[in-house]
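Each ligand, and each atom within it, is numbered from 1 in the order the structure gives. Sequence positions, counted from 1, serve as the residue numbers for this chain. Hydrogens, waters and symmetry mates are skipped; everything else that's a heavy atom, side chains included, is used. Not measured: the values here are computed from a predicted model.
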Amino acid sequence: MLPQSPASLATLPWMPRNGAMHGFALDRLMQWNLAAIAALFLVAHVLLAIALLRRRRNERIRNFNVAGWLPLALLCGMYIWMAVAAQRLWAANRFEGPSPTAMQVEVVGVQFQWYFRYPGDDATFGATKPQLVNAGAGNPLGIDPLDAAGNDDIVGSELVLPAGREVDLRLRAHDVIHGFFIPGMRLKQNALPGQTLHIHFTPVIPGEYPILCTQVCGLGHGHMQARLKVVPAAEFASWLADRERKRFAEAAAGGGL
Ligand SMILES: [Cu+2]
């Protein structure tokens, strides 16, 4: 499902351009929050100034009974609504699983590089073994050549996704904690060694989006960047077919990955 109207594409000028389906609701929530904070800041200072001026004039400060409770109740209601809306947005990503048709991509953080693995035609990731990890030999994820499911796995350092299709990312880390962050997709999740964490989203706006690491993971942390390329579905299909062809050509030549 694509965004319904051009108005829903509006993003605050100082925020990165949003390209994910859930990002529009998240941005609206952020705008509400900022507007409420700005209004409250102004009202609080106006009330403070009034109170100070009255004190100087030795006027009696009247209690704000009903007039004081009503705005407070409205404010509480608004923040409860925002908390529920935010919880729904967060829970939908964290606890409600992706649809069965979501595309599977594995993301692996390694000092200081992001790797992305596609399962290939069999839609199954091949087994990996830590002792087989050898980036110099072209096998940075340690894919086991004895597992046939890994023969068509595609590994790269750029994440390419089709617009309009849900993606289920499986996050792993080889060494330390890395922070997988795509500001343009409003997506952030730590990658932990020894665990596979899932996060799902639907990119809807084609374009290029930077991928960053938000955990200080070592001396090369600042260089741990990659790129997400969201392309139309037809372009993605031809890109994937091209990568598959290259993968099999390398395997046939005995070069492994
Ligand atoms: Cu990192």
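- If you put the vertex on the Cu ion (ligand 1), ND1 of His178 and SG of Cys213 sit 120° apart, to the nearest 10°.
- The Cu ion (ligand 1) has an N, O or S atom of Met224 under 2.8 Å away, backbone or side chain.
- In the model, His198 has a side-chain atom that pairs as donor or acceptor with a side-chain atom of Asp168 under 3.5 Å.
- For the Cu ion (ligand 1), the N/O/S atoms of His221 include none lying under 2.8 Å.
- Under the 6.0 Å cut-off for aromatic ring centres, Tyr79 and Trp32 do not qualify, their centroids lying 6.0 Å or more apart.
- At least one donor-acceptor pair under 3.5 Å links the side chain of His221 to the backbone N or O of Gln215.
- Using a 30° and 60° split on the angle between ring planes, Tyr118 and Trp239 fall in the perpendicular class, above 60°.
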